[in-house]
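Each remark here refers to the structure printed beneath this line.
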Amino acid sequence: MDRPVIGVVGLGTMGLGIAQVYAQAGHAVLATDAHAPARANARERLAAALAPRVNAGKLDAAEAEAIASRLQVVDGPEGLADAALVIEAVAEDLAVKQDLFAAVERAVAADCVLATNTSSLSVRAIRDPLARPMQVIGLHFFNPAPVMKLVELVVPQGAEEAGNRARTLTEAAGKVVVDAPDSPGFIVNRCARPFYGEALALLEEGRAAAEIDAAMAAAGYRMGPFALIDLIGADINLAATRSLNAAMGGHPRYHVFAALEETVAAGRLGRKSGAGFVTPPGEAPAPPADAESIAARIEALLVNEAAWLAQESSTSRDAIDTALKLGLNFPRGPFGMLDRLGGPGAVLHILSDLRVRAPEALKPRYDPSPWLEALA
Ligand SMILES: NC(=O)c1ccc[n+]([C@@H]2O[C@H](COP(=O)([O-])OP(=O)(O)OC[C@H]3O[C@@H](n4cnc5c(N)ncnc54)[C@H](O)[C@@H]3O)[C@@H](O)[C@H]2O)c1
């Protein structure tokens, strides 16, 4: 039987990568973009994205051509009629996504699944005004979509059937799909915050970015928090932190550290601007004498954030561990860190010590999740 047709709207960074994922898995992909040049050169960009693997002998030239030929660009949503699953990766704007899905649902069959790749909007809010809200789910891919294994699946109540169909198709396309709650930052963008935030707290206390990164490298992290901020872009990291901070009512667990704001204001955005926290890289320093306690401090905050999320939603500990390992290349997930840190009691001890030393406004940052307290 032919594989179901996939629709993609938005042929920017994410949409083109998502189109590649399903085209590689043998699906015909119908794709569109509001911007005519993005439609016109999409095939070319897909072929260019495949070229390095062809040149490295990892992908047959004929197969690369077959993948590119599965992408068919159409003029607008009305051209997506044959799609069984339509994924949108357009601008991160609630009204834009709602209007787009309204147009898509007029064009497609009643059982077509509509998936949003939003990073920060609520899937329920996007689906609210639609005629068939139960068809709408979240499929959150990571950048670059063809490389990153992880996809967060958000299934609001009533959309279980649509969610299951999206999961089956996406797993068959080679992804690891984890169930995420429809809450700000889903799993990865929320649970990652302390990795950067606590590193920034240490920086503001006078530690050097390179020595904090060295401490994390010694604890098994492929990239330290500052190398990662430089890679992603300090501006992108700041926007994600601010967005979560606002969505969480300004809770100090999502504090926006001045050191990050100042770095962005100074234009030190990381690799893309040629200067950042640890860019250009100097000679990597040896881990400092207290490397273990630096890593333990950051990991204790990661454990606590994951525990809050698990407690507030029905997100499983396995899903959180898998998401952070695959989404951030962490050597272990937060619940895997618990044992290494000496169990819940040891984490509580680190948190309470930090709470005592923290400035008044930041003390609630270190409040332990009741789940952790119950375990200790
Ligand atoms: N870039 C990332 O790292 C990343 C990761 C995960 C999720 N996301 C999310 O994916 C979505 C797209 O992000 P991106 O980085 O690919 O953006 P992008 O700017 O690279 O691409 C967006 C594309 O959508 C098109 N577009 C905008 N409005 C449209 C409309 N109404 N109809 C059709 N096309 C329209 C634009 O012309 C553009 O080509 C956003 O919701 C973003 O939050 C981004």
Side-chain angles (χ1 to χ4, degrees), residues 7-21 29-46 49 71 73-80 83 86-108 114-123 125-127 130 136-154 170 175 177-178 180 182 184-190 192 228-229 231-244 247 269-272 323 326-329:
V8 174
V9 188
L11 283 165
T13 307
M14 294 307 291
L16 191 74
I18 292 167
Q20 182 182 332
V21 167
V29 177
L30 297 171
T32 192
D33 193 293
H35 189 52
R39 295 197 300 276
N41 64 17
R43 269 265 189 107
E44 234 172 274
R45 285 185 287 137
L46 177 55
L71 176 69
V73 178
V74 296
D75 286 342
E78 55 296 336
L80 303 174
V86 173
I87 302 161
E88 73 75 18
V90 302
E92 185 74 343
D93 180 295
L94 181 61
V96 169
K97 291 191 191 292
Q98 288 173 333
D99 289 350
L100 173 76
F101 272 162
V104 172
E105 69 175 355
R106 284 195 294 276
V108 297
L114 308 186
T116 173
N117 186 47
T118 182
S119 308
S120 62
L121 300 169
S122 144
V123 179
I126 293 172
R127 79 176 191 170
L130 296 179
V136 179
I137 51 127
L139 267 186
H140 186 224
F141 287 78
F142 289 76
N143 187 17
V147 176
M148 299 294 284
K149 278 265 174 207
L150 181 70
V151 177
E152 293 178 326
L153 172 67
V154 181
T170 308
K175 296 300 178 192
V177 177
V178 301
D182 191 14
F186 306 131
I187 299 175
V188 173
N189 283 346
R190 171 170 167 178
L228 203 48
I229 294 176
L231 176 69
I232 296 166
D235 52 339
I236 305 285
N237 191 284
L238 177 61
T241 309
R242 280 187 175 149
S243 156
L244 204 63
L269 306 183
R271 289 198 197 176
K272 64 185 168 189
L326 295 182
L328 292 163
N329 267 327

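Read the numbers this way: they start at 1 and go in the same order the structure lists the ligands and their atoms. The analysis underlying the following values was restricted to heavy atoms, covering all of them including side chains, and did not include hydrogens, waters or symmetry mates.
- Every atom of ligand 1 with a heavy atom of Asn143 under 4.0 Å away is listed here by number and element: 3 (O).
- For ligand 1, the polar-atom distance check against Glu92 finds a nitrogen or oxygen pair separated by under 3.5 Å.
- Considering backbone and side-chain N/O of Phe142, none are found under 3.5 Å from N/O of ligand 1.
- In this structure, Asn117 contributes its side chain and Phe141 its backbone to a donor-acceptor pair below 3.5 Å.
- Atoms CD1 and CD1, on Ile137 and Ile126 in that order, are 11.0 Å from each other to the nearest 0.5 Å.
- At least one N/O-N/O distance between Asp33 and ligand 1 falls below 3.5 Å.
- His140 counts as a contact of ligand 1, since one of its heavy atoms falls under 4.0 Å from the ligand.
- In this structure, Ser243 contributes its side chain and Ala239 its backbone to no donor-acceptor pair below 3.5 Å.
- Summarising the contacts of atom 30 (C) of ligand 1 with Val90, Ile18, Asn117, the nearest heavy atom is found in Val90.
- Under a 4.0 Å criterion applied to the non-hydrogen atoms of Val96, ligand 1 contributes the atoms 31 (N).
- Considering both main-chain and side-chain atoms, Phe141 never comes within under 3.5 Å of ligand 1 through any nitrogen or oxygen pair.
- The side chain to side chain donor-acceptor pair (under 3.5 Å) analysis of residues 86-95, with sequence neighbours excluded, yields the pairs Glu88-Lys97, Glu88-Thr116, Glu92-Thr118, Glu92-Ser120.
- Here is the list of ligand 1 atoms found below 4.0 Å of a heavy atom in Gly10: 24 (O).
- Among Val9, Thr13, Val8, the residue whose heavy atom lies closest to atom 15 (O) of ligand 1 is Thr13.
- At distances below 3.5 Å, at least one donor-acceptor pair connects side-chain atoms of Arg39 with backbone N or O atoms of Asp33.
- In terms of polar-atom proximity, defined here as any N/O pair under 3.5 Å, Ser119 does make such a contact with ligand 1.
- By the ring-ring contact (aromatic ring centres under 6.0 Å, His included) test, Phe186 is found to be paired with His140, residues two or more places apart in sequence or in another chain being considered.
- For atom 27 (C) of ligand 1, the nearest protein heavy atom (residue, atom name, distance) is Ala91 N, 3.7 Å.
- Taking CG from Asn329 and CE from Met148, the interatomic distance works out to 6.0 Å, rounded to the nearest 0.5 Å.
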